[in-house]
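Take a look at the structure below.
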Amino acid sequence: MPELPEVETVRRQLGPHLTGRRITRTTVSDPLWCSPAPADQVEDAVTGRRIESVDRRGKYLTFALEDEIYLVMHLRMTGNLLFVPGGHEAEPRFLRVRFVLDDAGQVLFTDQRRFGTGVVLAGHDALTDYFDARLGVEPLGPEFTVDALRALARGRRAPVKAFLLNQERVAGVGNIYADEALFRARIHPLKPVGTLRRPKLAALRDAVVESLRLGIDSKGATIDDFRNADGAYGSFQDRFLVHLRAGEPCTRCGTTIRKIRAAGRGTYFCPKCQPRPRV
DNA sequence: CGCGCAACCTGTCTGC
DNA sequence: TGCAGACAGGTTGCGC
């Protein structure tokens with residue numbers, strides 16, 4: 001579920017509810033969430049502080065609190081953030097963290113597989129260092145140019161699919177949007193990224209941006225039961241061109257969509273529109 | 001340094 | 001029906 005468009009959807013929905021509110025109570029019921037930091041240490045660090053903004057970088061979501069305290073969260077595979085308005089009760093399955101706000105609203109972090117994480121960082125430099133250490137270019141930002149992509153790809157023999165999934169190069173693309181972008185750019189997922197010529201890289205850049213934008217427009221993709229912060233389902237899954245469509249006809253040429261394994265992940269593509277690279 | 005892969009944890013689905 | 005095994009949207013650490 002949560003790739004850049006899903007996290008951005010959550011951010012946009014949480015922002016208006018949270019900005020300016022104060023966190024009055026925090027309960028981390030699953031210590032694994034913030035491990036190795038102790039749960040009570042994280043609870044104490046955020047409780048009582050005002051939320052100045054809700055931000056996204058790659059697939060990370062950050063509550064920027066007063067005093068330059070940052071709560072950086074990652075939903076990983078099955079994490080979810082749900083907003084519950086004041087006066088309403090909610091005890092969802094897989095609840096791991098509960099934030100109560102000064103207007104009685106609540107934010108609930110749920111996570112079936114318990115891969116999701118939360119970490120508290122003190123000071124803006126610490127936040128910048130944290131992201132710089134693990135994230136590359138923001139694909140919807142002005143710096144995601146063809147030249148930037150070419151510099152990142154140069155000399156690399158990794159399959160383009162693996163390249164797109166590596167957050168240290170481009171931050172925010174996951175399995176769904178990698179498949180969709182490669183189809184739009186008509187590139188085989190196993191093509192070594194360093195062998196792509198400039199026009200292909202330009203097509204890939206455009207395809208990544210377009211796929212992510214469409215995902216955001218659809219309020220993300222819902223597979224299984226991902227909901228966005230307001231409890232609604234995203235709809236991008238209805239617009240998948242190849243992802244999860246093995247055995248179905250390609251929307252462009254009618255050829256049967258195939259599923260292979262690339263970069264250790266289930267990978268969907270059209271064998272005609274995305275011809276196998278000559279190794 | 002670049003790359004592939006197992007591990008993290010839980011639930012669901014498939015095949016025998 | 002029961003059960004072992006594979007698989008699931010992500011990231012990290014280890015080995016080659």
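Chain letters run A, B, ... following the sequence lines, proteins first and then strands; every chain starts at 1.
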Starting from [atom2] on [N], measure out to [atom1] on [X] and report it in whole angstrom.
X	N	atom1	atom2	answer
A:Arg93	B:dG11	CZ	C1'	8 Å
A:Leu75	C:dG10	CG	P	11 Å
A:Met77	B:dA7	CE	C1'	12 Å
A:Tyr60	C:dG10	OH	P	12 Å
A:Gln167	C:dG13	CD	P	15 Å
A:Leu32	C:dT12	CG	C1'	14 Å
A:Asp30	B:dC8	CG	P	16 Å
A:Arg76	B:dT10	CZ	C1'	15 Å

- Task: With the side chain of A:Phe94 defined as its heavy atoms from C-beta on, choose the nearest nucleotide among B:dC3, C:dA8, B:dG11.
- Result: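 Minimum distance to the A:Phe94 side chain belongs to B:dG11.
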
- A:Arg261 side chain, from C-beta outward: closest of C:dG10, B:dG4, C:dC7: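 Of all the options, the side chain of A:Arg261 is nearest to C:dC7.
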
- Ionic contact status for A:Glu168 with A:Arg134, cut-off 4.0 Å: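 So A:Arg134 does not pair with A:Glu168 through a salt bridge.
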
- Query: Would you call A:Glu210-A:Arg205 a salt bridge at under 4.0 Å N-O?
  - Reply: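 Salt bridge between A:Glu210 and A:Arg205, a charged N being under 4.0 Å from a carboxylate O: no.
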
- Message: Can you tell me if A:Phe115 is stacked onto the base of C:dT11, using a 5.5 Å centroid cut-off and an angle below 30°?
- Response: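 Base of C:dT11: not stacked against A:Phe115.
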
Is [X] near enough to [N] that one of its side-chain N or O atoms lies under 4.0 angstrom from OP1 or OP2?
X	N	result
A:Lys259	C:dA8	yes
A:His74	C:dG10	no
A:Arg134	C:dT12	yes

[N] versus [M] - spacing of their [atom1] atoms, nearest Å:
N	M	atom1	result
B:dC9	C:dC3	P	24 Å
B:dA6	C:dG5	P	16 Å
C:dA6	B:dC5	P	16 Å

- Polar side-chain contact A:Arg265-C:dA8 base: donor and acceptor under 3.5 Å: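 No such pair is found, so the answer is no.
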
- Query: Side-chain donor or acceptor of A:Arg113 under 3.5 Å from a matching atom on the base of B:dC9?
  - Reply: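 Answer is yes: a donor-acceptor pair is held.
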
- Dump the intermediate steps for side-chain hydrogen bond (donor to acceptor under 3.5 Å, both in side chains) on A:Ser53 and A:Asp55, then the final yes or no. CA-CA 6 Å; A:Ser53 62; A:Asp55 310 312; 3.0 Å; yes

- Task: Under a 3.5 Å limit for both distances, which nucleotide forms a Watson-Crick or G-U wobble pair with B:dG15, could you say?
- Result: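 Partner of B:dG15: C:dC3.
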
- Item | Aromatic plane relationship, A:His17 with A:Phe83 - under 30° parallel, 30 to 60° tilted, over 60° perpendicular |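 It falls in the parallel class, under 30°.
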
- Short side-chain to backbone donor-acceptor contact, A:Asp179 and A:Thr267, under 3.5 Å: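 No: the side chain of A:Asp179 does not pair with the backbone of A:Thr267.
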
